[in-house]
Amino acid sequence: MLRSGASPNAFTFPFALKSCASLSLPAAGAQLHAHALKAGCEVEPFVLTSLISMYAHCSLIDDAGKVFDHCPQSRRLTVCYNALVSGYTSNSRFSDAVSLFRRMTEMGVSANSVTMLGLIPVCSLPVHLGVGTCLHCCCVKLGLDRDSSVGNCLLTMYVKCGSVEDARVLFDSISCKGLITWNAMISGYAQHGHASHVLDLYREMKSCGIRPDSVTLVGVLSSCALLGAYHIGCQVERQIELSGFNSNPFLDNALVNMYARCGKLAKAWAVFDAMPEKTVVSWTAIIGGYGMHGQGKLAVNLFEQMLQAGIRPDGAAFVSVLSACSHAGLTDEGLKYFNAMEKKFLLQPGPEHYSCMVDLLGRAGQLQKALDLIHTMRVHPDGAVWGALLGACKIHKNVELAELAFERVIELEPTNIGYYVLLSNTYNEANNMDGILRVRMMMRERKLKKEPGCSYVEHTGKVHLFLAGDRCHPQTKEIYRMLNELEDWLKENHNLDKSYLERRDDERLSGTGVHSEKLAIAFALLNTKQHGREIVVIKNLRVCEDCHLFIKLVSKAVDRQFVVRDATRFHHFEGGVCSCRDYW
DNA sequence: CTAGGGTTAG
């Protein structure tokens with residue numbers, strides 16, 4: 001049109017500018033800007049709005065600001081402010097967005113829902129929670145919180161600022177919850193790892209007659225992956241088939257991840273293989289799955305295949321391959337990838353990569369090298385880095401270095417009880433009673449109490465959670481009876497060693513209570529009888545040796561298969577054979 | 001000018 005000599009007017013500019021915005025064509029956009037100036041219509045509210053939006057979408061946010069500043073105040077309508085506010089937000093300019101909103105209010109320009117929808121998402125980090133809460137108050141004052149979009153937006157803001165609790169309070173206060181409201185809360189819980197809350201909400205949502213869509217199911221699947229809730233995951237897959245969603249990369253990645261983490265590698269592979277377009281996220285999920293289940297060599301092969309397919313690995317992909325190497329004892333490969341990461345792929349390793357490397361070297365017994373690596377780190381080591389060294393010191397019974405690692409880790413995470421327990425266990429193996437007492441004293445002084453471990457079992461579409469010594473479950477009586485029967489039976493038929501029985505009595509007397517994984521196993525046996533071949537138990541701590549023995553003997557006795565997943569790895573118990581391939 | 005999504009050890 002321009003070439004033909006015709007000049008655009010106030011009605012045609014917005015359309016043309018919108019195309020520049022969506023295609024990110026800043027040069028063409030700037031040319032249109034020049035034409036608008038010539039035509040003298042750049043201060044027409046809709047032209048102005050489109051210009052701001054165009055520059056903002058082209059990441060030229062300062063140019064957007066200039067256009068706005070050159071416009072006389074009388075022409076700055078709400079829509080113009082809205083365009084610039086959302087421009088600042090999408091370019092992550094927190095203080096600019098907030099101060100423009102303040103200016104707008106001071107100038108007496110009224111904010112509407114769209115203003116808030118453009119502004120609220122600028123609060124996306126925990127430090128923004130205070131401002132986000134203020135914005136929530138503004139919405140209430142302006143009567144905009146009744147707008148369902150604004151409510152959903154606020155809900156997501158609380159999630160991004162790290163307060164799922166505030167999000168939940170808001171969620172409960174929303175009387176007309178739409179699909180998006182449910183999805184925002186479900187994925188909020190999923191992103192923060194509150195997996196059992198996700199499954200509870202999912203059930204509730206369905207009972208309210210809301211039909212889940214693919215966004216819902218992505219959140220549910222990632223929670224199934226965290227919990228190892230394979231059967232619920234399968235139900236979700238059936239739901240996908242029933243609903244007839246077309247194959248969607250988000251959903252496929254979530255499925256691959258779910259199957260992989262539940263140990264169903266063949267199924268994970270089938271979904272992965274059938275994916276029309278595999279992204280680095282898909283590869284990371286499948287590599288992590290093989291690595292987690294002791295198939296380190298396969299994981300490394302897949303990483304190579306990914307490189308050959310021309311996919312650039314990112315930080316997460318390196319975490320999955322490095323941890324696979326660590327679990328499988330592939331020390332040299334791990335070192336090779338770690339070096340390639342910086343030199344060949346120009347990725348700055350973060351603390352999470354160093355903690356994998358310290359774990360890798362530490363497990364291989366190269367404690368000094370692990371320590372040297374920490375000293376050469378260019379980023380600040382976090383608790384996980386020193387914690388990995390501490391874990392390695394326990395394996396290799398190096399008390400002296402354990403003390404050093406403990407000192408460092410406790411500066412960073414003074415209330416993480418796991419590390420006190422790790423040091424105490426290191427002392428225990430070295431028969432260092434003084435050390436154990438010192439740790440206990442420290443914990444008492446700091447008023448730290450070991451939090452109860454917990455285990456989950458999924459049964460009939462629900463996740464049943466047990467704490468150590470738990471008596472809250474409706475079937476408590478039967479569960480304990482079953483457990484006693486099992487242990488008596490094991491005692492008579494398997495010469496259970498004396499120390500196990502002593503520790504068991506100790507457990508009951510001292511009130512620390514029966515280990516949660518034993519309760520979960522007893523519950524599962526009680527409810528599934530001979531049906532169902534596999535039970536998945538997940539624990540947030542490590543499986544201790546006694547429980548290992550218990551589960552191994554039970555699985556042999558009843559000829560059942562168990563997979564126990566703890567904080568660090570999966571343990572497979574099949575008819576009495578305990579295969580912990582990644583304990584090397 | 002406008003609310004919801006997948007991958008990361010210990």
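Letters A, B, ... mirror the listed sequences (proteins, then strands); counts begin at 1.
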Any donor-acceptor pair under 3.5 Å joining the side chain of A:Ser355 to the base of B:dA9?
yes

Measure CG/A:Asn257 against C1'/B:dG6 and give the value in whole Å, please.
8 Å

Considering every strand and a 4.0 Å limit on heavy-atom distances, what is the contact class for A:Ser214: base, sugar-phosphate, or nothing?
base

To the nearest angstrom, the CG-P distance between A:Leu226 and B:dA9 comes to 10 Å

Below 6.0 angstrom between ring centroids: does that apply to A:Trp182 and A:Phe171?
yes

For A:Asn112, answer base if it contacts any base atom (sugar-phosphate contacts may also be present), sugar-phosphate if it contacts only those atoms, and nothing otherwise; contact means non-hydrogen atoms under 4.0 Å.
nothing

Reckon A:His327 has a side-chain N or O less than 4.0 Å from the OP1 or OP2 of B:dG10?
yes

Rounded distance (Å) that lies between atom P of B:dT7 and atom OH of A:Tyr290
18 Å

How many Å lie between CD on A:Gln191 and P on B:dG6, as a whole number?
5 Å

Determine whether a donor-acceptor pair (one donor, one acceptor, N or O, separation below 3.5 Å) exists between the side chain of A:Ser222 and the base of B:dG6.
no

Interatomic distance, A:Phe338 CZ vs B:dA9 C1' [rounded to whole Å]:
14 Å

For A:Phe345, I'd like to know if atom CZ has over 12 heavy atoms of other residues, nucleotides or ligands within 6.0 Å.
yes

Under 4.0 Å between any heavy atoms, over every strand shown, what does A:Ala384 touch: base, sugar-phosphate, or nothing? Just pick one.
base

For A:Leu255 and B:dT7, what is the distance between atoms CG and C1' respectively, to the nearest whole Å?
14 Å

Looking across every strand, which nucleic acid part, if any, lies under 4.0 Å from A:Lys18 by heavy atom: base, sugar-phosphate, or nothing?
sugar-phosphate

Taking CD from A:Glu277 and P from B:dG6, how many angstroms apart are they, rounded to a whole number?
19 Å

When you check the gap from the basic side-chain N to the acidic O, do A:Arg408 and A:Asp382 get nearer than 4.0 Å?
no

Donor-acceptor pair, distance only, cut-off 3.5 Å: does the side chain of A:Arg76 make one with the backbone of A:Asp69?
yes

Using a strict cut-off of less than 4.0 Å between a Lys/Arg side-chain nitrogen and an Asp/Glu carboxylate oxygen, indicate whether A:Lys336 and A:Glu333 qualify as a salt bridge.
no

Under 4.0 Å, heavy atom to any atom of DNA chain B: which of residues 142-154 of chain A qualify?
A:Ser149, A:Asn152

When the distance from CD of A:Glu352 to P of B:dT7 is rounded to whole Å, what number comes out?
16 Å

So what does A:Ser282 hit on the nucleic acid, given a heavy-atom distance under 4.0 Å: a base, only sugar-phosphate, or nothing?
nothing

Determine whether the aromatic ring centres of A:Phe94 and A:Tyr88 lie less than 6.0 Å apart.
no

For A:Tyr259 and A:Trp269, I'd like to know if the aromatic rings sit close, meaning centre-to-centre distance below 6.0 Å.
no

